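The chain is numbered in sequence order, starting from 1. Please read these numbers as outputs of a predicted model, since none were measured by experiment.
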Amino acid sequence: MDGKDVRDTALLDTIASPQDVKRLSPGQLVQLCGEVRAFLIDSVSKTGGHLSSNLGTIELTVALHRVFTTPKDQIVWDVGHQCYTHKLLTGRREGFARLRKADGISGFPCPAESVHDAFTAGHGNTSLSAAIGMAQAKKLRGEPGKVIAIVGDGAFTGGMIYEGMNNIQCLSNLIVVLNDNKMSISKNVGAVAQYLTRLRTDPRYFKAKRDVESLLDQTPIVGGAIKTTIQAAKSVLRRALYHSTMFEEMGFQYVGPVDGHDVCELAALFDAYRQEQSAPLFVHIITKKGKGFLPAEENPGEYHGVSAFDLNHLTNPDIAPDSSFSTMFGRQLAACGETDPKLCAITAAMKYGTGLQYFYKQHKERFFDVGMAEQHAVTFAAGLAAGGMRPVVSIYSTFLQRGYDQIIHDVNLQRLNVLFAVDRAGLVPGDGETHQGIYDAAFFSELDDFCVVSPCNYAELTHWLHVLLQADGPRALRYPRGSEDEALAALGCSGKPFDVFAAQSGTAGTALVTYGAETAPALEAAHRAAQQGTLADVYKLTVIHPLPEGLCEALHGYRRIVFAEEGIRNGGIGEHLASALLRRGCTAQFRHIAVPNLGLLHASVDELRARFGLDAAGLAAVLTERAGTGCS
């Protein structure tokens, strides 16, 4: 932190809105950036959150708010987890004490939270398409203002960015900022390129350009020809210096590379083009992830999304723990790769998050990180399978949504041998509505004969991974974030598609059915209900689709059936079970407790379960209430 006292935020203390940034001198802008950096390091160390990406975009954000005026001008963040400085400058400083917690501010842009947040984004390479639509809407409605899309270099590994660039048209109110902190699209950052960047952002440049073009347009016979020749020569020079033909040929006015940590240069650039922009503007800035915090600069991936950590005793704060579903899966898959030369592993920019670093180290030639491109990951896996390999695609549940068309069309239609390892399935803490893993069980279950397994502990994960690796056709193994529950670990693994934990005394008239991590509150709920005189048998599904053979027959004799799942209600596994029971003439009262499509706030998993009635207390209350009739 360059020795700066984290408590020294005298200038930041005076910033209550973006308007306060506009009155600062150039020297104060630099000071403000330093104080914001100190504040974020101190704050995130206490609450957890995304650190590296936010430290890399401080100067950019300050410069944007120095020049532009939100919400008239709209800033669209790609992914969105780098919006902390933006939130800090738009009046939400007090909310950082409860960042990503219940009743606190979201870690992502949230229009419901502030008028300064233009668009909700938690998935990558979405910003440009959204910004193009917003800029076009401004044109159609005759509204003033710019739309600025902030795109990280990682987003350029996803195809949606290129789909957007192909449709920018002539939007002179659109600005795209490439935040290049990893790959160098344009490697020419020497003195000549920097000089030309400064020259092209000088207001005198625009005046001279307009005067020359006007003179040539008025010169008969040769004026147009000379103008064309000059433009062609400029294009050749730009190509030689910037290597930026892709952006310019797609219709952008390209500027860069620019030092993304020089707040004054950035502000001057944006101010110069704010009035003189004649085409969609593409600004290429070079930044450093984790800027100003040495551990994050040296290991930006390890400080990308972190839990709370001690600034005085630094360790790697968010490397996947030795004990987690992700690491257990990764180690087991790497071991299987020793005996199966056809086994391949694919991820989408989440090697460490999914535990695939173990496979990478042992079988590098069969490991593929395709970048932020989930659609490609799925179809690439289909191609591998069609070529005789046995691919495993490991992606977070929330991101796998993006490849659903490819799952249906490219994998399932041809019944290809692709195994989906769905990480972070179910409720996820902190990141809120954009990162919940609540849809995969429902969308997989719409595909006939698509086997879906949801283990509740490491023993089941290990057993069923080996079973599924030997199976054929499309299939999925889904598991929660973090470590196994101690009570669930004690259950071991029966190897059966479903298990029954019967009430200890007497015959139960109620069955509580569930799967995965939700098994822990279900067992506790049955225990609490028994203490109040209501007996319930707990059915724990491991294979959740197709519904296991014998399940409906086993449930047929109960008066009440309660189904609880950490997935969406509509189209969820509970609805499939209710339909199957109804077809078999079951007359039991059926109650389905699941997650609604709306109201997914950022909170801990326990808080989210309580909100939706999926905690032990909520389930016990349902079990002990007087039985009614019908279904709900």
Side-chain angles (χ1 to χ4, degrees), residues 46-49 95 97-108 122 305-309 317-318 320-321 323-326 396-398 423-441 454-458 478-491 501 512-529 531-532 536 538 540 562-569 572 574 591-624:
K46 296 172 181 174
T47 64
R98 293 193 57 80
L99 176 69
R100 303 165 74 242
K101 293 181 172 59
D103 302 320
I105 62 174
S106 168
F108 293 83
V306 299
S307 302
F309 59 94
D318 207 41
S323 177
S324 75
F325 280 93
S326 301
Y396 291 7
S397 174
T398 182
D423 205 321
R424 270 69 165 174
L427 294 172
V428 176
D431 287 335
E433 60 187 351
T434 63
H435 279 56
Q436 295 299 336
I438 60 171
Y439 296 102
D440 64 90
S454 187
C456 76
N457 58 28
Y458 296 162
R478 63 185 305 277
Y479 42 90
R481 180 182 188 270
S483 304
E484 66 180 350
D485 181 275
E486 290 184 6
L488 299 185
L491 299 179
F501 303 98
L512 174 56
V513 189
T514 191
Y515 60 89
E518 184 61 22
T519 304
L523 290 171
E524 174 62 22
H527 174 71
R528 294 187 185 189
Q531 291 179 323
Q532 299 180 51
V538 176
K540 179 190 71 64
V562 179
F563 195 100
E565 61 180 318
E566 287 185 16
I568 57 168
R569 180 182 297 113
R591 182 77 176 270
H592 187 198
I593 304 171
V595 181
N597 283 324
L598 299 175
L600 292 170
L601 305 178
H602 42 278
S604 69
V605 170
D606 288 342
E607 289 170 326
L608 289 170
R609 283 177 177 161
R611 178 181 179 85
F612 304 131
L614 289 165
D615 62 337
L619 294 177
V622 172
L623 295 177
T624 56

Could you tell me whether a side-chain N or O of Ser454 sits under 3.5 Å from a main-chain N or O of Tyr515, the two making a donor and an acceptor?
->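 Not a single qualifying donor-acceptor pair exists.
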
Distance-only, no hydrogens or angles: does the Glu565 side chain make a donor-acceptor pair with backbone N or O of Gly574 under 3.5 Å?
->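 Present.
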
Work out which heavy atom in [X] is nearest to a heavy atom in [Y]; give both atom names and the distance.
{"X": "Ala620", "Y": "Ala525", "answer": "N-CB, 3.6 Å"}
{"X": "Thr519", "Y": "Cys456", "answer": "OG1-CB, 4.2 Å"}
{"X": "Gly426", "Y": "Gln436", "answer": "O-OE1, 3.9 Å"}
{"X": "Pro480", "Y": "Asp423", "answer": "O-OD1, 4.3 Å"}
{"X": "Gly482", "Y": "Tyr458", "answer": "O-OH, 4.4 Å"}
{"X": "Ala536", "Y": "Ala526", "answer": "O-CB, 4.1 Å"}

Please examine the side chains of Asp485 and Asn457, heavy atoms only from C-beta on, and report whether any two atoms are closer than 4.5 Å.
->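 No - every pair of side-chain heavy atoms lies 4.5 Å or more apart.
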
Answer yes or no: is there a side-chain heavy-atom contact under 4.5 Å between Tyr439 and Ser397?
->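 No. Closest side-chain heavy atoms not under 4.5 Å.
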
Could you please spell out the steps behind the side-chain contact (heavy atoms from CB on, under 4.5 Å) verdict for Leu523 and Leu491?
-> CA-CA 11 Å; Leu523 290 171; Leu491 299 179; 4.0 Å; yes

Answer yes or no: does atom CD of Glu486 have more than 12 heavy-atom neighbours from other residues, nucleotides or ligands under 6.0 Å?
-> no

Under the side-chain contact (heavy atoms from CB on, under 4.5 Å) rule, what do Ile593 and Phe563 come out as? Steps first, then yes or no, please.
-> CA-CA 6 Å; Ile593 304 171; Phe563 195 100; over 6 Å; no

At what distance, to the nearest 0.5 angstrom, does [atom1] of [X] lie from [atom2] of [Y]?
{"X": "Leu488", "Y": "Ser483", "atom1": "CG", "atom2": "OG", "answer": "12.5 Å"}
{"X": "Glu524", "Y": "His527", "atom1": "CD", "atom2": "NE2", "answer": "6.0 Å"}
{"X": "Arg609", "Y": "Leu619", "atom1": "CZ", "atom2": "CG", "answer": "9.5 Å"}
{"X": "Phe501", "Y": "Leu512", "atom1": "CZ", "atom2": "CG", "answer": "11.5 Å"}
{"X": "Ile438", "Y": "Thr398", "atom1": "CD1", "atom2": "OG1", "answer": "9.0 Å"}
{"X": "Arg424", "Y": "Asp440", "atom1": "CZ", "atom2": "CG", "answer": "13.5 Å"}

Evaluate the side-chain contact (heavy atoms from CB on, under 4.5 Å) criterion for residues Glu518 and Leu614: first the C-alpha distance (whole Å), next the side-chain angles of each, then the deciding distance (0.1 Å), finally the verdict.
-> CA-CA 8 Å; Glu518 184 61 22; Leu614 289 165; 3.6 Å; yes

Just checking, any donor-acceptor pair under 3.5 angstrom between side chains of Tyr479 and Ser326?
-> no

Show your reasoning for whether side-chain contact (heavy atoms from CB on, under 4.5 Å) applies to Leu427 and Val595.
-> CA-CA 9 Å; Leu427 294 172; Val595 181; 4.1 Å; yes

Thinking salt bridges, do Arg611 and Glu607 make one under a 4.0 Å N-O criterion?
-> no

